[in-house]
Structures are given as structure tokens and as C-alpha cells.
Amino acid sequence: MIAEPGTRILKADQDAIEAGSRSLSAGGLVAFPTETVYGLGADAGNGAAVARLYAAKGRPSFNPLIAHVADTGSACRIGIFTPAAEKLAAAFWPGPLTLVVAKRPDADIADLALAGLDTVGLRVPEHPVAHELLKAFKGAVVAPSANRSGHVSPTSATHVLADLRGRIDLIIDAGPCAVGVESTIVSCVDHPTLLRPGGIPRDAIERVLGSPLTTASAIDDAPVAPGMLMSHYAPRAALRLDADTAQTGEALLAFGHAPPFSGTALNLSPRGDLIEAAANLFSHLRALDASGARHIAVMKVPHEGLGEAINDRLKRAAAPRRL
Ligand code: TXA
Ligand code: MG
């Protein structure tokens, strides 16, 4: 009988990066930090490893995965870059931007990882540990956020462990993620289209393109990016958005100057800073869930800069559950 393998946790250093790279080569599942959220990595070319990854997350297999690579050159060997894609890669890579482009027919990406699409989401992360891991591994690493499907994304190794202990091989721990919301996804297959707001604000992208992005409509059950499923980012508690304050029986997720409140309360950013708020979003939602709150009142977050991504995740977290 084979003993149930445990999940190793290693502090991010050279040994951890080498262990991560070896594990990926052997078909293992490795959670690693990026500047946005922790990713759960598998060798993109290894269909069996990708199948284990879907199983570990409990993720619907129609959801395609982002391929992570160390540099733009590696990305261009996997996807066909349009002039717009080239511009965006030059401006924002490495960084929290995923570009969807046509896949080269000979690219070594398992069909399962792309859920049958002939396009591929590519990302060059900026986090030094992600970068070193991708460099050491050499190939592409597909990595969704390292949470159970439907949970909020993990921004610390503790979050990853809470969701995936015993289901994955290794977690590389480099502390909390700086950006805190997932990458912005722009499809460049056709006219550049915003598929998911994220770590790079829309206006920064539009400035580089010199024209507005088309916005994909969030269709509940026919998602362009399945991360757009309406109830995708769900804490256990029910959320009430745009609240002025919390009522009895609710916990408060505040932003900026908060009204006095005697119950459980956390503030995304007391000084009203959207960058700080994004970095705190998922850990605060997890902490309020862990406090046993059944209802969370969420104060209004301005819809500018990173506020678009924050409000997108909050809206999904508040949507009716489909389970
Ligand atoms: O910040 C991030 O993007 C994190 C870190 C780990 O890199 N990753 C992440 O992956 O958020 P995931 O799998 O949780 O979300 C990826 C989203 C999904 O909604 C998926 O449907 C969409 O990207 N996606 C991936 N490939 C696509 C493609 N070819 N066309 C359209 N959407 C795609
Ligand atoms: Mg995710």
C-alpha cells in the first residue's frame, strides 16, 4: 500500500526552487508565490500532471489554465503575438498581465490544459521566486490560483495549505503577495478585449494601446474566461455590498474611514488606498469567514484603478451560489 503523500512546505530559497523544479519535472504539483496570488503549478506539457491539478483543485475541466514562462521570448515560442500583444508584453511583462493569443500548433502544452481551445493565456510573472522557478524548470508551467475551485484566491502559503493540504506535493512559501488580486486578462486574438480586470488597471493598458479596450460581458454560464462565472470567488459568508455600516449579525469589511462598529470588523485600507485594499482583499475575506461571520457588510470601494478588479471580485463573491 502506498502511504498518502504529505504536502511539503519550504521557505523560498535556492534549495526550494530546485526542489520545486524537480517536482514539476516529475509530474508533481507545486504551489508557488507570484506578485498577484499563489499559483498551483504543473508541467504544461504533461497531461497526467495537468489532470492531477484539476483533481486537486476540484476545478471544472472546461476552465483553461494560464501558461507561465520566465520571459517574453519563451512566450513567443508558445503563442502568436499580434502587434497589440507585443506592445502590451513590452510595457507590462514581467508583471500582473495575462495575454490570450493564438497557440502555435507545435507548442508543448497539453490539450487538457487549454480545455480544447486553440488560444493560450500567457503570463510572465514578476515575483522573483516565480521567475527563478520558471527559469530553473525551463518549460512552461500552467498555474491556476492555488485554491479549491470556487474559494477565494490564496495570497499566503497558509491560505494554500488550508485549501490543498495533502492534495499537492509542495508549497514554496515567500510570505504574502504584494498585488493581491489576480492578473488582468486581455485577449489579443481579435480587437484587444478585457476578459478579467486585475492587477494592471484598465486605463494603464488603454494608454499603451492608444485606444479603449473592448469589454467582454460577464455571461453567467457561457464564460469567455471561465473565471467570469458569476459566483466564482465565493467566501462562505453572504456579502452585502455598498453598505454604509454593518448591522447586528453582520461583520464589517470596511474601506477608508469606517463608522464606529462594535462587531467583527476589518478594513481593506483605512487610508483609502486601492493598492493596499487589493493586497488585503482575499486575506480579509478569508479572515472574516474564519471568524464565523455568516453575513458580511462591505463598504463601497471606488471604481477606479484597481477598484475595478476589487469590485469585480466582490460582485462575484456576493452573487447567488450555484452549488
Ligand atoms: O494572477 C493570476 O492570473 C493567477 C496567478 C497564479 O498567475 N492565476 C490565475 O489563474 O488567476 P486562474 O486559473 O485562477 O484564472 C485564469 C483565468 C480563468 O478564468 C480562465 O478561464 C482564463 O484565465 N483563461 C485562461 N486561458 C484562457 C484562454 N485561452 N482564453 C480565455 N480565458 C482563458
Ligand atoms: Mg482562480
Side-chain angles (χ1 to χ4, degrees), residues 29-42 44 50 53-54 56-69 78-80 85 92-103 107 109 111-127 129-131 133-134 140-155 159-160 163-164 172 177-190 193-200 216 218-219 222-234 278-279 281-282 309 312-313 316-317:
L29 302 182
V30 177
F32 62 97
T34 81
E35 67 277 20
T36 58
V37 300
Y38 276 71
L40 177 58
V50 175
L53 190 158
Y54 284 120
K57 275 194 63 104
R59 159 174 265 199
S61 54
F62 54 72
N63 214 343
L65 303 174
I66 296 171
H68 297 67
V69 289
I78 297 174
I80 301 166
F92 298 111
W93 279 353
L97 175 71
T98 295
L99 293 172
V100 173
V101 296
K103 183 180 79 82
I109 310 273
D111 287 336
L112 184 61
L114 302 181
L117 299 176
D118 52 13
T119 59
V120 58
L122 288 161
R123 167 153 136 75
V124 178
E126 187 170 28
H127 196 295
V129 174
H131 181 75
L133 179 65
L134 293 167
V141 172
V142 284
S145 49
N147 52 280
R148 292 291 285 271
S149 190
H151 290 190
V152 296
S153 291
T155 53
H159 298 163
V160 179
D163 271 21
L164 297 172
I172 302 179
C177 303
V179 176
V181 290
E182 302 86 344
S183 60
T184 303
I185 306 181
V186 174
S187 171
C188 292
V189 174
D190 213 324
T193 303
L194 183 66
L195 297 186
R196 176 176 76 180
I200 307 255
I219 309 162
V224 190
M228 299 175 80
L229 282 174
M230 223 32 226
S231 67
H232 190 76
Y233 297 90
L281 178 65
F282 292 135
D312 171 80
R313 304 309 186 270
R316 288 170 208 288

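Both ligands and their constituent atoms are indexed starting at 1 by order of listing. Along the sequence shown, the residues carry numbers beginning at 1.
- In summary, S149 places no N/O/S atom under 2.8 Å from the Mg ion (ligand 2), failing the contact criterion.
- Atom OG1 of T34 and atom NE2 of H131 lie 14.0 Å apart (nearest 0.5 Å).
- Applying the 4.0 Å criterion to heavy atoms of H68 picks out, from ligand 1, the atoms 5 (C), 6 (C), 7 (O).
- In this structure, T193 and V186 have side chains that are not in contact, with every pair of non-hydrogen atoms separated by 4.5 Å or more.
- Looking only at atom types and distance, the side chain of S183 has a donor-acceptor partner in the side chain of T98 under 3.5 Å away.
- The contact set between ligand 1 and A143, taken as ligand atoms under 4.0 Å from a residue heavy atom, comprises 6 (C), 8 (N), 10 (O).
- Listed by number with element, the atoms of ligand 1 under 4.0 Å from a non-hydrogen atom of V100 are 28 (C), 29 (N), 30 (N).
- Every atom of ligand 1 is numbered from 1 in the order shown, and the set under 4.0 Å from a heavy atom of S145 is 8 (N), 9 (C), 10 (O), 12 (P), 14 (O).
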Dump the intermediate steps for side-chain contact (heavy atoms from CB on, under 4.5 Å) on L164 and L40, then the final yes or no. CA-CA 10 Å; L164 297 172; L40 177 58; 4.0 Å; yes
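- Side-chain contact annotation: E182 with S153, donor-acceptor N/O pair under 3.5 Å present.
- Counting heavy atoms closer than 4.0 Å to ligand 1, residue T119 contributes atoms from both its backbone and its side chain.
- Both the backbone and the side chain of S183 come within 4.0 Å of ligand 1, judged by heavy-atom distances.
- Contacts with ligand 1 closer than 4.0 Å are made by no heavy atom of L114, backbone or side chain.
- If you number the atoms of ligand 1 from 1 as listed, the ones under 4.0 Å from a heavy atom of I185 come out as 17 (C), 22 (C), 23 (O).
- Taking CD1 of I185 as the reference point, atom CZ of R196 lies at 3.5 Å (rounded to 0.5 Å).
- Below 3.5 Å of separation, one finds no N or O of E182 facing any N or O of ligand 1.
- Set against the non-hydrogen atoms of L195, the atoms of ligand 1 under 4.0 Å away are 31 (C).
- Near L117, with a cut-off below 4.0 Å to any heavy atom, the atoms of ligand 1 are 28 (C), 29 (N), 30 (N).
- Separation of atoms CG (L134) and NE2 (H127) is listed at 12.0 Å; rounding is to 0.5 Å.
- Within ligand 1, counting atoms from 1 as listed, the ones closer than 4.0 Å to a heavy atom of G39 are 6 (C).
- In terms of polar-atom proximity, T36 is counted as a contact of ligand 1, with an N or O under 3.5 Å from an N or O of the ligand.
- The closest side-chain heavy-atom distance from Y38 to N147 is not below 4.5 Å.
- Looking only at side-chain heavy atoms (C-beta outward), E35 and P125 come within less than 4.5 Å of each other.
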